[in-house]
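Working notes, beginning with the structure itself.
The structure presented is a predicted model; accordingly, all values stated were derived computationally and were not measured. Just so you know, these numbers use all the heavy atoms, side chains as well, and skip hydrogens, waters and symmetry mates. Every number for a ligand or one of its atoms is a count from 1 in the order of the listing.
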Amino acid sequence: MALTPLADYNYETHNIEKNLSQFSSVSRIELEADGEFFVTLLKEVYQLNCLQKQNQDKFLINLQDIKQMLIEVTSPFKKDIYTWRKIFQIYLEYKIFVGNTESDREERNWEFSQSQLTCFIDRIDNSHLVKRLKHPLSKIVYENFVKLNIRLILMKKFQYFNQLATTKLIKKHDKKTSLISDSMFRDLIEKYFLPEDTFKSLCCAMEQLTTIIPQIDDYNCPICLNIAWKPIRLCCSHVFCVRCLVKSVRKGMRNCPICRAKDAVYNANQKNLDMCLMNFLDLYFPLEVHKKQKDDDRERVAEEMEAITGLRIE
Ligand SMILES: [Zn+2]
Ligand SMILES: [Zn+2]
């Protein structure tokens with residue numbers, strides 16, 4: 001499998017600049033009729049969009065390649081899963097292309113993406129996380145992951161400057177000819193650019209690469225905020241660790257503490273233990289499971305001692 005080396009990205013940047021300069025030179029062509037101006041401009045924009053579509057195709061091919069490699073190197077049977085999880089936790093903090101919270105799903109502009117990506121790379125360099133990756137393929141995957149981010153930023157930049165140049169050219173034409181083609185022609189020409197929705201879906205696809213590795217926040221018990229080890233799935237589908245539910249029953253709780261489903265806690269029994277999820281947690285979060293087991297054991301011993309002696313051991 002061949003991935004585009006960094007030199008190619010530099011080459012692409014050079015090409016973008018070359019195209020832009022050629023494009024801006026359109027405004028200096030002596031034109032005999034307005035129609036000639038519009039046709040020339042449309043042809044140029046069409047060619048630029050063909051280039052952008054090629055970029056999009058390359059991006060999607062690389063995305064699939066990296067996805068496959070990530071699946072391999074982040075396998076729970078390999079040694080890099082915790083390091084990769086940390087790298088992606090940091091990556092998501094920077095919200096490079098889109099927001100990743102309920103209240104913020106906004107796409108970022110190319111300048112923001114570029115500065116956030118730089119901060120992310122610096123932080124990873126300073127953390128020495130990449131050096132800790134053990135699988136021979138892991139370091140290559142990280143490099144290619146960074147390059148894929150750069151490719152997407154270049155595409156966003158390419159689109160931004162092409163749209164800006166088009167708008168400026170039309171405005172200049174209108175000023176020189178005293179015609180009002182601005183809004184009407186701009187609407188027409190916009191159709192030649194990659195739609196904003198396409199960009200947003202590319203940005204989301206980029207961020208979704210991180211979901212290949214399950215993150216602990218998605219598997220925490222909502223009561224104790226630790227891993228939901230031995231996970232009890234109530235009839236309402238909410239999941240808690242068995243320790244929290246045992247303690248809740250002792251306190252007389254009957255309903256689900258999240259959705260208030262009637263008697264969901266009271267009626268739960270060993271059949272509610274989600275074995276599938278339990279095996280998954282054991283496989284992907286062995287350190288967290290081990291710590292939770294030890295904490296639960298310690299807590300149980302303390303409870304038993306208290307029952308016998310009446311003294312609470314912290
Ligand atoms: Zn819990
Ligand atoms: Zn519930």
Side-chain angles (χ1 to χ4, degrees), residues 74-93 95 98-105 127 129 204 207-314:
T74 62
S75 153
F77 303 106
K78 306 274 163 57
K79 291 174 179 164
D80 285 341
I81 186 163
Y82 276 92
T83 312
W84 270 109
R85 187 173 285 143
K86 188 69 200 159
I87 290 172
F88 281 163
Q89 270 169 4
I90 295 171
Y91 181 79
L92 290 172
E93 275 176 36
K95 299 174 183 165
V98 280
N100 48 29
T101 56
E102 284 292 318
S103 56
D104 174 21
R105 300 267 179 227
S127 68
L129 280 166
C204 290
E207 301 260 348
Q208 269 173 7
L209 276 180
T210 60
T211 61
I212 288 172
I213 307 170
Q215 294 288 347
I216 188 69
D217 288 351
D218 298 326
Y219 299 96
N220 277 341
C221 162
I223 298 177
C224 64
L225 304 179
N226 286 314
I227 191 164
W229 181 249
K230 300 178 179 175
I232 303 293
R233 188 176 295 278
L234 300 182
C235 57
C236 54
S237 281
H238 287 119
V239 177
F240 303 86
C241 75
V242 70
R243 281 295 298 161
C244 284
L245 283 187
V246 166
K247 287 190 275 185
S248 298
V249 169
R250 279 189 208 143
K251 287 177 193 161
M253 186 187 284
R254 297 180 71 106
N255 303 338
C256 169
I258 291 183
C259 68
R260 307 282 165 212
K262 197 167 167 31
D263 289 335
V265 174
Y266 183 74
N267 290 333
N269 55 39
Q270 68 268 33
K271 286 183 189 156
N272 291 75
L273 179 66
D274 187 334
M275 283 305 294
C276 215
L277 179 59
M278 190 160 137
N279 291 335
F280 173 88
L281 295 177
D282 200 19
L283 195 61
Y284 281 92
F285 301 98
L287 299 181
E288 290 83 353
V289 166
H290 184 66
K291 183 178 178 303
K292 174 76 170 151
Q293 280 173 325
K294 281 178 94 172
D295 290 349
D296 285 356
D297 287 347
R298 205 175 297 125
E299 206 174 70
R300 255 193 305 271
V301 169
E303 282 169 5
E304 284 164 10
M305 289 299 286
E306 189 181 2
I308 297 165
T309 63
L311 295 169
R312 177 111 194 111
I313 303 165
E314 294 298 335

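In summary, Arg298 and Asp295 engage in a salt bridge, as defined by a charged side-chain N under 4.0 Å from a carboxylate O.
For Cys224 atom SG and Cys241 atom SG, the angle they make at the Zn ion (ligand 1) is roughly 110°, to 10 degrees. Here the angle at the Zn ion (ligand 1) defined by SG in Cys244 and SG in Cys221 stands at 110°, rounded to 10 degrees. Around the Zn ion (ligand 2), the two atoms ND1 of His238 and SG of Cys256 are separated by an angle of 110°, to 10 degrees. Angle SG(Cys259) to the Zn ion (ligand 2) to SG(Cys236), rounded to 10°: 110°.
Inter-residue side-chain proximity for Trp229 and Met278 is flagged as met; some heavy-atom pair is nearer than 4.5 Å. Cys256 has its side chain within reach of Phe240: a pair of non-hydrogen atoms, C-beta onward, lies under 4.5 Å apart.
A 6.0 Å sphere centred on NZ of Lys230 holds no more than 12 heavy atoms belonging to other residues, nucleotides or ligands.
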